[in-house]
Amino acid sequence: MAGLRLGPLLRYLDPCGGATVWVETDRPCTAGVRCADGARGSARTFQIAGHHYALVPVEGLTPGTTTSYEVLLDGRPVWPAPGSGFPPSTLTVPAAGATGLRVTFGSCRRAPDPAGTDALDALAARLAADPRAERPGVLLLLGDQVYADSVSPDTRRWLAARRDLRDAPGAGVADYEEYTRLYDESWRDPEVRWLLSTVPSCHIFDDHDVIDDWNSSAAWLAEMRATPWWQERVLSGLMSYWVYQHLGNLSPAELAADPLYATVRSVPDGTEALRSFVARADADPASVRWSYRRDFGRTRLVMVDTRAARVLAEDRRAMLDPGEARWLREQVLDAPGSFDHLLIGTSLPWLLPPLIHDAEGWNAALCAGSRGPRWARAAERLRRRADLEHWAAFPASFALLGDLIARVGSGPGAPATISVLSGDVHHAYVAEPFWPNVAPQPASYVAQLTCSPVHNSVPAPVRAGFRFGWSRLGRRLGRVLARHGRVVQPVLDWRRTGGPWFGNQLMTLALHGRSAHLRLEQARRNRRRRIGPAQWETVLDRPLAPGAPPGSIQPPETSN
């Protein structure tokens with residue numbers, strides 16, 4: 001009999017009554033979803049590297065309703081697991097024409113990590129304990145869902161039983177089978193498993209899904225490609241991402257039109273087809289698009305790949321290759337007036353503390369030769385050691401995104417809010433841009449909303465560095481670096497209006513009509529007991545104000 005190895009994950013859900021549910025099984029079978037209201041769907045598993053998966057399309061759901069569901073393998077119920085202690089998994093379909101949406105987001109989750117309480121565990125515990133608790137309409141996981149280069153002690157022991165860790169890549173994962181171990185470890189967590197079965201999720205990768213500082217520079221990539229283990233790591237990382245994360249980002253219509261998905265489902269073993277696909281993607285990033293768009297009623301989400309789509313040549317560095325930049329522009333400019341809120345999901349923050357922004361621009365200019373070859377060599381070493389590879393390290397792309405946001409926010413049918421949602425930097429903050437010498441000023445409220453980590457930590461010196469980066473002295477120092485690097489200053493400026501906050505945390509945007517409300521919550525252990533259920537502490541809870549002058553909203557600063 002077939003068994004359920006991993007999942008179910010509720011992925012796509014739309015108000016027209018369609019959904020997709022992802023599962024991994026321990027052998028070939030037909031996976032089915034059967035809802036209490038009579039909606040159902042089924043799909044035959046496909047095979048990749050000896051593992052079996054299905055993405056089950058569910059049809060016939062009724063808008064405006066919630067229904068429980070069960071998973072069947074070859075007609076036998078396998079989910080909910082007997083005695084799980086969690087409520088039944090459900091599918092909640094928005095009502096037709098609904099304008100409300102709750103978007104919860106974060107990044108950087110090391111599943112078995114000693115750094116405090118896992119924020120996804122805490123969210124699951126709250127939703128399971130209180131059926132009346134406000135539930136996200138969608139969960140955005142903005143990168144570093146697994147850590148291929150920094151594994152847990154249990155996984156290290158498992159790897160050591162497979163191969164000699166004295167050989168490269170050491171205790172980092174080496175192949176597809178080892179990637180499956182990371183996903184097992186992350187998604188078998190009982191609370192998270194239940195949460196992902198009942199809250200739809202959208203995913204995008206960041207560097208640790210493959211390796212720290214993935215694609216930071218052309219020199220970095222050349223060095224990695226010269227190692228004997230890199231090719232297998234990157235291909236296995238992309239293969240596992242396609243299976244475990246990317247497929248579920250796509251709508252049923254997009255899946256039906258996807259030739260690779262059709263191929264792997266039509267052959268006994270889809271491993272070679274998928275491997276050939278990701279090999280092309282690695283050799284020519286412009287040949288594949290990992291970015292995607294989702295429309296949730298009057299809210300548009302554009303999730304942007306800021307890792308694999310980079311142009312790394314120093315004389316034309318770009319966060320997005322020309323095709324990807326064109327696609328992004330088309331998505332955010334499509335059908336103006338048809339959405340009230342625009343969410344741009346990018347794993348890396350667009351707006352950083354000013355000192356860090358200027359340091360990255362300075363470093364990029366030096367690497368490009370603004371001060372000669374000796375400075376360029378030193379700057380490349382610094383870029384790798386200090387992780388100087390955010391949007392600011394790609395100045396043309398930083399400006400392009402700013403210009404695009406200003407155009408959307410000041411054009412006809414401008415949305416009420418434009419939010420850039422990011423993670424990566426292991427803390428949270430709110431920053432608001434403004435364009436001092438641009439007319440007309442955007443009518444939309446624009447903000448950089450950064451939330452990280454879900455479950456990780458940041459050393460105290462780095463915390464101090466981030467705080468200093470926002471200070472007046474830090475800003476002045478950044479200007480000195482920019483002048484030394486002969487960096488052209490951007491036409492926009494920005495200021496911090498919340499944070500920085502440090503801890504395991506999640507942000508939630510509650511959108512209704514043309515209004516928006518932002519909440520940041522941190523997961524903490526009960527302060528009276530070292531063990532026991534987690535508690536949520538709200539550190540930010542305020543409305544976003546479309547059209548307000550920059551910096552006019554000053555939330556209370558909470559130190560943590």
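Residues E521 and R126 are paired through a salt bridge, judged by an N-O separation under 4.0 Å between the basic side chain and the carboxylate. Using a cutoff of 4.0 Å between basic side-chain nitrogens and carboxylate oxygens, D184 and R5 are scored as salt-bridged. Salt-bridge check for R76 with D74: failed, with every basic side-chain N at 4.0 Å or more from each acidic carboxylate O. Between R519 and E134 there is a salt bridge, since at least one side-chain N of the basic residue sits less than 4.0 Å from a carboxylate O of the acidic one. Ion pair D213/R385 not flagged as a salt bridge, since none of the NZ, NE, NH1 or NH2 atoms sits closer than 4.0 Å to an Asp/Glu carboxylate oxygen. Under the 4.0 Å criterion applied to side-chain N and carboxylate O atoms, R293 and D295 are assigned as salt-bridge partners. A salt bridge does not link R181 with E177: every distance from a Lys NZ or Arg NE/NH1/NH2 to an Asp or Glu carboxylate oxygen is 4.0 Å or more.
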Report the C-alpha distance between T508 and T104 in whole Å, list the side-chain angles of each, state the deciding distance to 0.1 Å, and finish with yes or no for side-chain hydrogen bond (donor to acceptor under 3.5 Å, both in side chains). CA-CA 4 Å; T508 296; T104 296; 2.9 Å; yes
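One side chain, Y183 or Q245, offers a donor N or O that lies under 3.5 Å from an acceptor on the other. For the residue pair Q47/T271, the side-chain donor-acceptor check at 3.5 Å is not satisfied. In this model, a donor atom of one side chain and an acceptor atom of the other lie less than 3.5 Å apart for S152 and E185. Side-chain contact of H208 with D149: a donor-acceptor pair under 3.5 Å is present, judged by distance alone. A donor-acceptor pair shorter than 3.5 Å cannot be found between the side chains of S422 and T346. Under the 3.5 Å distance criterion, with hydrogens and angles disregarded, no donor-acceptor pair is assigned to the side chains of D26 and H51. In this structure, a donor-acceptor pair under 3.5 Å is present between the side chains of R135 and T198. A side-chain donor-acceptor contact under 3.5 Å links W79 and S89. Counting only N and O atoms by type, the side chains of N456 and Y147 include a donor and acceptor under 3.5 Å apart.
Of the inter-residue distances, the one linking R157 atom CZ with L165 atom CG reads 12.0 Å to the nearest 0.5 angstrom. D305 contributes atom CG, which lies 8.0 Å from atom OG of S347 (distance to the nearest 0.5 angstrom). The CD atom of E360 sits 11.0 Å away from the SG atom of C367 when rounded to the nearest 0.5 Å.
Between A148 and R233, the shortest heavy-atom distance links the atoms O-NH2, 3.6 Å. The two residues G172 and L159 have their closest heavy-atom pair at O-CD1, 4.2 Å. Closest approach of L250 and D258 over heavy atoms only: CD1-OD2, 3.9 Å. When all heavy atoms of V264 and G270 are compared, the closest pair comes out as CG1-O, 3.8 Å.
Remark: aromatic rings of Y244 and Y53 are close, center separation under 6.0 Å. Between F205 and W214, a ring centre-to-centre spacing shorter than 6.0 Å is recorded. Taking the ring centroids of W220 and W230, they lie under the 6.0 Å cut-off. Here the two rings, on W501 and H427, have centers that are 6.0 Å apart or farther.
Evaluated for a side-chain contact (heavy atoms from CB on, under 4.5 Å) with D207, the options D424, T306, L348 yield exactly one hit, D424. Considering R289, R310, R307 in turn, R289 is the only one that fulfils the salt bridge (Lys or Arg N to Asp or Glu O under 4.0 Å) rule with E324. Just one of F277, W290, Y179 meets the ring pair (Phe, Tyr, Trp, His ring centres under 6.0 Å) condition when paired with Y241; it is W290.
Here the side chain of E178 pairs a donor or acceptor atom with the backbone of A174 at under 3.5 angstrom. Using modelled atom types, no side-chain atom of S186 and backbone atom of L182 make a donor-acceptor pair closer than 3.5 Å. Put simply, the side chain of T45 gets close to the backbone of C29: a donor and an acceptor are under 3.5 Å apart. In this structure, the side chain of R300 does not engage the main chain of I344 through any donor-acceptor pair within 3.5 Å.
In this pair, F86 and W194 present their aromatic rings parallel. The plane angle is below 30°, not in the 30 to 60° band.
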